[in-house]
Amino acid sequence: IDLSSAKDTPVTCTSDAGCGGLVGGAYFLAKLSRTWVDSPVTGNNYDTGGVLGFANDGVRVEDSYFSGDVEGESHVGGVVGHTAIEYEGFYPIIQRVYNSGSVMGEAEVAGILGSGVGYVVLTDSFNAGPIDAAEYAGGVSGPIAGEAYLFNNVVDVGVSGAMGGSCYAGASEETCT
């Protein structure tokens, strides 16, 4: 999907997983480029993202922007909710993305990527939206169970509600309460 225009229609999902402002789930080598979502996204359960709910094997999200509010239960991200891999070497890549909307959920909530399993590459991204979670919050990324390659990412807001004050990539201890 290569778009250069905005989607501004509110999204509310009733399924248990895979809720995104533009795409619910993207699989094997799919690419989302130059997307912009400016509307609220509300997920019913997990894997909720402002642009993309779930990404696996080799999915790329680049040059994309989210400016609405996103809310879900867990694995909630301002741009991508959750990533996972089945085939080694096909890592999801998130690069040059921006979030300015608020991101809310119970657990594993972050400004760009809510959570991941396996490998993930997250580079050159910026979060300016507030994060609110009961536990496992991060300014850029929530918890990654595996290898995470995080480079040149910036957080410009506070993160609230991280359990025990422990935050993940992109959030300093001073911004976690």
Side-chain angles (χ1 to χ4, degrees), residues 19-22 26 32 35-43 45-55 59-85 91-177:
C19 180
L22 190 61
L32 282 78
T35 61
W36 176 30
V37 177
D38 182 24
S39 62
V41 178
T42 305
N45 200 345
Y46 55 93
D47 297 354
T48 303
V51 174
L52 174 63
F54 174 80
V59 169
R60 297 176 71 99
V61 180
E62 56 191 29
D63 304 312
S64 295
Y65 176 74
F66 177 71
S67 59
D69 296 327
V70 63
E71 183 174 2
E73 290 294 319
S74 64
H75 310 174
V76 184
V79 177
V80 178
H82 183 71
T83 63
I85 65 167
Y91 312 134
I93 298 172
I94 302 166
Q95 60 188 3
R96 298 180 310 274
V97 299
Y98 177 80
N99 171 52
S100 65
S102 64
V103 185
M104 300 162 283
E106 292 298 315
E108 301 182 21
V109 178
I112 302 297
L113 172 63
S115 64
V117 174
Y119 295 87
V120 65
V121 177
L122 174 55
T123 65
D124 303 311
S125 297
F126 184 81
N127 176 48
I131 312 303
D132 188 8
E135 57 185 356
Y136 307 118
V140 170
S141 173
I144 306 291
E147 299 283 330
Y149 301 97
L150 304 163
F151 303 104
N152 301 323
N153 298 301
V154 177
V155 176
D156 192 27
V157 295
V159 177
S160 66
M163 184 172 160
S166 63
C167 288
Y168 295 87
S172 68
E173 288 297 327
E174 293 79 41
T175 62
C176 301
T177 58

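No experiment lies behind these values; they were computed from the predicted model shown.
Side-chain atoms of N127 come within 3.5 Å of backbone N or O of G139 as a donor-acceptor pair.
Legend: residues meeting side-chain contact (heavy atoms from CB on, under 4.5 Å) with N152, ordered by chain and number and at least two apart, are D124. In this structure S67 satisfies the side-chain contact (heavy atoms from CB on, under 4.5 Å) test together with W36, D38, Y65, S100, sequence neighbours excluded.
Note: T123 OG1 to I94 CD1 = 9.5 Å, rounded to the nearest 0.5 Å. With rounding to the nearest 0.5 Å, the separation of CD in E73 from CD in E106 is 5.5 Å. Summarising the geometry, atom OG1 belonging to T42 is positioned 8.5 Å from atom CG belonging to D69; distances are rounded to the nearest 0.5 Å. To the nearest 0.5 angstrom, D132 atom CG is 8.5 Å from S102 atom OG. S125 contributes atom OG, which lies 9.0 Å from atom CZ of R96 (distance to the nearest 0.5 angstrom).
Residue D47 comes nearest to H75 through the heavy atom pair OD1-ND1, 2.9 Å, listed as atom of the first residue, atom of the second, then distance.
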Evaluate the criterion side-chain contact (heavy atoms from CB on, under 4.5 Å) for residue pair T48 and V70; output intermediate values, then yes/no. CA-CA 8 Å; T48 303; V70 63; 3.6 Å; yes
Evaluate side-chain contact (heavy atoms from CB on, under 4.5 Å) for I93 paired with V59, printing each intermediate quantity in order. CA-CA 6 Å; I93 298 172; V59 169; over 6 Å; no
Apply the test side-chain contact (heavy atoms from CB on, under 4.5 Å) to residues D63 and V97: give CA-CA distance (whole Å), side-chain angles for both, the deciding distance (0.1 Å), then the verdict. CA-CA 5 Å; D63 304 312; V97 299; over 6 Å; no
Distance-only donor-acceptor pairs under 3.5 Å for side chains of residues 110-122, two or more places apart:
{"from": "S115", "atom 1": "OG", "to": "H82", "atom 2": "ND1", "distance (Å)": "2.7"}
{"from": "S115", "atom 1": "OG", "to": "E108", "atom 2": "OE1", "distance (Å)": "3.3"}

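Contact check for V103 versus P130: no side-chain heavy atoms found under the 4.5 Å cut-off. Put simply, the side chain of C19 reaches to within 4.5 Å of the side chain of V41, judged on heavy atoms. Contact of the L22 side chain with the L32 side chain is registered, since non-hydrogen atoms from C-beta on lie closer than 4.5 Å.
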